[in-house]
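Encoded as structure tokens, the structure appears first; notes follow it.
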Amino acid sequence: MSSVAVEVTDLVKHYPKASGNAVDGLSFTVGEGEVFGLLGPNGAGKTTTVGVLTTRVVPTSGSARVAGLDVSADAVAVCAKLAVVPQRVNLDRSLTVRDNLRFHAAYHGVGRAERNARADELLERMGLADKAKSISDNLSGGQAQRVMIARGLMHRPEVLFLDEPSTGLDPQARLFVHDQIATLRDEGVTVVLTTHDMDEAHKLSDRVGIVDHGKLLALDTPDGLIRSLPGEATVELTVLPGGEGADPLLTALRELPEVERAEALPGSGDAAGVRLRLYVSADPSMLLAPVVETAGRHGASVRDVSLGTPTLEDVFISLTGRDLR
Ligand SMILES: Nc1ncnc2c1ncn2[C@@H]1O[C@H](COP(=O)(O)OP(=O)(O)OP(=O)(O)O)[C@@H](O)[C@H]1O
């Protein structure tokens, strides 16, 4: 068996009447047993990419393979190898939770005895044994998400696609879903997840592909992406600039020793002040005094200072000049 579970090559999707391409020349591979995160803001093309990989969206050009099979040429066979947990709940609302699982398995040709046993096993694992006979329409968002994961696992897929797995979930439900994804990884299931949540991408993924406007901007391990940023630490300050504005202050901050880079953060600049972030290659606490002194010299009053380490959000800002939103 090949060690590549998913292979996307020069993938393009143009929706009729749209001005640009939703997916615009995407290429990446996902290894067997890997958890791969596609991280990007709303509208970046993540759902469309998953749509192509799960045979729901017809690509305009390029190719995609899942479990060694071409998604366009072998759509039926591909569907047997994968499962998808979509962004929106698509359970059969008139059926019980258990029947949603059993019917899905029957569709995939799993025998009666096996599908009954597997439904009970997965409901137990997802903490849903007491909901087996509930009608699916009566579930909370977190419960519905867990049922959809259980349903996806009924036919033992090789690759599981999770589209924004924790959007809209409360923190406890989110943690439960995260634990389940980690368990699947331990079991060797390949997982492709899309998210606009950098913490989720960092915590769960072996590698992360950062996408924006349908293009892949960077791909590496979460730590590798962060290491690509200058400096090892950050100093973030909020200032009310003096009459000369924030630009001369930024220039002066860039000239401080150990400051590798300084930038104004997007969306700042209103009455609450301008947020400036410095990437530094020294202990950031050593830079506090010179930073505050420099601000004072430029007539800016410092409202807030925080020290930290760079995140995937910083990687995204550095690549696009924008927040992930
Ligand atoms: N069926 C469709 N018809 C036309 N345009 C579409 C369709 N589906 C998505 N788009 C557009 O394609 C682009 C990519 O959307 P897509 O849903 O793939 O992004 P995303 O990164 O998954 O964002 P989200 O998290 O909001 O779903 C967006 O500009 C979106 O408006």
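Sequence positions, counted from 1, serve as the residue numbers for this chain. Both ligands and their constituent atoms are indexed starting at 1 by order of listing.
At a heavy-atom cutoff of 4.0 Å, ligand 1 is contacted by no atom of His196, backbone or side chain. Counting heavy atoms under 4.0 Å from ligand 1, residue Glu164 touches it through the side chain alone.
Nearest protein heavy-atom neighbour of atom 10 (N) of ligand 1: Tyr15 CE1, 3.3 Å. Looking only at heavy atoms of the protein, atom 18 (O) of ligand 1 is closest to Thr48 OG1, 2.5 Å.
Residue contact check for ligand 1: Gly214 places no non-hydrogen atom closer than 4.0 Å to it. Using a 4.0 Å cutoff on heavy atoms, Gln87 counts as a contact of ligand 1.
When the heavy atoms of Thr194, Asn42, Val50, Thr167 are ranked by distance to atom 25 (O) of ligand 1, first place goes to Asn42. Considering Gly43, Ala44, Pro16 only, the shortest heavy-atom separation from atom 23 (O) of ligand 1 involves Gly43.
Annotation: side chain of Glu164 is in contact with side chain of Lys46 (closest heavy-atom distance under 4.5 Å).
Of the polar atoms of Lys46, at least one N or O is found under 3.5 Å from an N or O of ligand 1, judged by distance alone. Distances between N or O atoms of Ala18 and those of ligand 1 include no value under 3.5 Å. Taking only nitrogen or oxygen atoms, main chain and side chain alike, Gly45 reaches within less than 3.5 Å of ligand 1. Where the criterion is an N or O separation shorter than 3.5 Å, residue side chain and backbone included, Thr47 meets it with respect to ligand 1.
The existence of a salt bridge linking Asp206 and Arg185 is confirmed by a sub-4.0 Å separation between a basic side-chain nitrogen and an acidic carboxylate oxygen. Here Asp304 does not pair with Arg275 in a salt bridge; the nearest charged N to carboxylate O distance is not below 4.0 Å. Taking the charged nitrogens against the carboxylate oxygens, Arg297 and Glu293 do have a contact shorter than 4.0 Å, which makes a salt bridge.
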Could you please spell out the steps behind the salt bridge (charged side-chain N to carboxylate O under 4.0 Å, His left out) verdict for Asp197 and Arg174?
-> CA-CA 12 Å; Asp197 178 332; Arg174 182 174 183 268; 2.6 Å; yes
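Taking a cut-off of under 4.0 Å to the non-hydrogen atoms of Ala22, the atoms of ligand 1 that pass are 12 (O), 13 (C), 14 (C). Interface of Pro41 with ligand 1, defined as ligand atoms under 4.0 Å from a residue heavy atom, comprises 21 (O).
In this structure, atom 2 (C) of ligand 1 has a protein heavy-atom contact shorter than 4.0 Å. For atom 16 (P) of ligand 1, the protein comes within 4.0 Å by at least one heavy atom.
Taking a 6.0 Å sphere around CZ of Arg303, one finds it holds 12 or fewer heavy atoms contributed by other residues, nucleotides or ligands.
Val211 and Val23 fall within a single hydrophobic cluster, where Ile, Leu, Val, Met, Phe, Trp and Tyr are joined by side-chain heavy atoms under 4.5 Å apart, directly or via other members. One hydrophobic cluster, built from ILVMFWY side chains closer than 4.5 Å, holds both Val259 and Leu288.
A pairwise comparison of heavy atoms in Glu124 and Ala129 identifies OE1-CB, 3.6 Å as the closest pair.
Within the structure, salt bridge (charged side-chain N to carboxylate O under 4.0 Å, His left out) pairs that include any residue of residues 3-21 do not occur (at least two apart or interchain).
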